[in-house]
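The structure appears right after this line, and notes come after that.
All figures in this text were calculated on a predicted structure; none of them were measured in a lab. Protein chains get the first letters and strands the later ones, always in sequence-line order, with residue 1 at the start of each.
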Amino acid sequence: MLATRALSLVGKRAISTSICVRGGHGVAKVDDYNPLPDVQFVTELSAVQKSLKEKEKGSWATLSNEEKIALYRISFKQSFAEMNEGTKEWKSVIAGMFFFIGMTGLVVLWQRKFVYGPVPPTFESEWKEKEVQRMLDMRINPVEGFSAKWDYENKEWKK
Amino acid sequence: MHCGKYIKSQTVKLCIVVLHIDGIRSPLASRCYSHAKVETDEEFDARWVTYFSKPDIDAWELKKGMNTLIGYDLVPEPKILDSALRACRRLNDLASAIRILEAVKDKSGPHKDIYPYLIQELQPTLIELGISTPEDLGMDKL
C-alpha cells in the first residue's frame, strides 16, 4: 500500500500499473515491460513493405535474411540489443567528478596561501628535536612504544 | 502486497502465541500459510500452452499473452514458446516470433545457459516454420 501510494506520487501512475502487482497463482508480475507493443512501429506501409507482408503469409523459409529483418523493422522500432544499449553518460559523470575535485583542489591551494596564517612554532625542526629529546628523557612508552625504540647506550635509534 | 503483509503478520503473531502455549513444535502442516490452491508448474505450463494453441487466436491475444508471460518472474518452458511461435505462424507474424526469442533471451538475464537450451529444444519448430533466430540475422549485435 505504501509502495503504490509512493509510486502514484512519483510517476502519477494508476495503482493498477504499480510494479509490485501480484500476477495471480503466486507468480510475481511486472506491468511495464511489454516486448510486443500494441501498435506496430511503421503504420504507413510502402508498396515494397506491403508486398513483403503478403509474402509473409506464405512459407517463412522462402524469405531472405534481409526480408526477415525488414519485417522485424516494420513492427518494432528497436531490437532488444538496441533497446538495452547503455548510453555514454558515465563518461560525462566521471569527467564532471574530476572537474569538481580539481576545482576543489584549487580552492584548497588558494586557501593555504591566502587564508591560513603561519603554522605554530612547534612544527619547526629545531623545536621538534628538543621535543623528541624531552620525550626520551621522560622515558615515554619505554616498554613497547616510543622510548623502547631508542638505544640509550649508543644514543641512536635501535636498528 | 503491503496490505497482505499487515494481515498476515497478525495471524502469524497469533499462531506463534498458540504454538508457545502448546509447548511443542507443531509440524510443518499447521503453519499459517494461505489456503489458496497453489498451481503446480505443470498446470501453469499446460494453461499457457492451451492459451497459445487456440486455433483462431487473434493478434491482441497473442500480444497480451506474451506480455503477461514475459512479465512473470520466470523463463517460459520450451513447450509454451513452441505454442506461441505456432500462434505467430497462424497470424502470419514473423516479427513477433523473432521478438519472442529476443525476449526470452533477455529474460534469462545473467543465466547464459538458458537461451541456448531453449533454442536447442525449439530447433525442430524453428526449422519447420522457417523462423530465424536473432543471432542468425545478426540482430543480437548492434
Inset, instruction - Please check if A:Phe114 and A:Tyr116 belong to a single hydrophobic cluster, counting links between Ile, Leu, Val, Met, Phe, Trp and Tyr side chain heavy atoms closer than 4.5 Å. - result: yes
Legend entry - Within 6.0 angstrom of A:Trp157 CH2, more than 12 heavy atoms from elsewhere: yes
Inset, instruction - Give the minimum heavy-atom separation between A:Asn84 and B:Asp106, together with the two atoms involved. - result: ND2-OD1, 3.0 Å
Inset, instruction - Verify the neighbour count for atom NZ of B:Lys141: are there more than 12 heavy atoms of other residues, nucleotides or ligands below 6.0 Å? - result: no
Inset, instruction - Could you tell me which portion of B:Lys105 (side chain, backbone, both or neither) has an atom closer than 4.5 angstrom to a non-hydrogen atom of chain A? - result: neither
Inset, instruction - Hey, could you give me the CG/CG distance between B:Asn67 and A:Asp38, rounded to the nearest 0.5 Å? - result: 7.5 Å
Legend entry - Single-linkage hydrophobic cluster B:Ile127~B:Leu94, side-chain heavy atoms < 4.5 angstrom: no
Legend entry - Polar side-chain atom of B:Lys63 near backbone of A:Leu36 as donor-acceptor pair, under 3.5 Å: no
Inset, instruction - Using a cut-off of under 4.5 Å on heavy-atom pairs, state which of B:Asp93, B:Ile100, B:Ile98 scores highest against chain A. - result: B:Asp93
Inset, instruction - Mind checking ring pair (Phe, Tyr, Trp, His ring centres under 6.0 Å) for A:Tyr72 and listing every partner two or more places apart, or none if nothing turns up? - result: A:Phe76
Inset, instruction - Enumerate by number any residue of residues 127-152 of chain A whose heavy atoms lie under 4.5 Å from heavy atoms of chain B; in the absence of such residues, state 'none'. - result: none
Legend entry - Neighbour count above 12 (heavy atom, 6.0 Å) for A:Lys77 NZ: no
Inset, instruction - Could I get the full list of side chain to side chain contact (heavy atoms under 4.5 Å, CB included) partners for A:Glu82, not counting sequence neighbours? - result: A:Arg73, A:Gln78, A:Ser79, B:Leu142
Inset, instruction - Report, as yes or no, whether the 6.0 Å neighbourhood of atom CD on A:Glu126 holds more than 12 heavy atoms from other residues, nucleotides or ligands. - result: no
Legend entry - Minimum heavy-atom distance A:Ala81-B:Glu102, with the two atoms named: N-OE2, 4.4 Å
Legend entry - Contact listing (chain B partner; residues 41-71 of chain A; heavy atom under 4.5 Å): A:Glu56, A:Lys57, A:Gly58, A:Ser59, A:Trp60, A:Ala61, A:Leu63, A:Asn65, A:Lys68, A:Ile69, A:Leu71
Legend entry - Residue among B:Asp136, B:Leu91, B:Leu129 with most heavy-atom pairs under 4.5 Å to chain A: B:Leu129
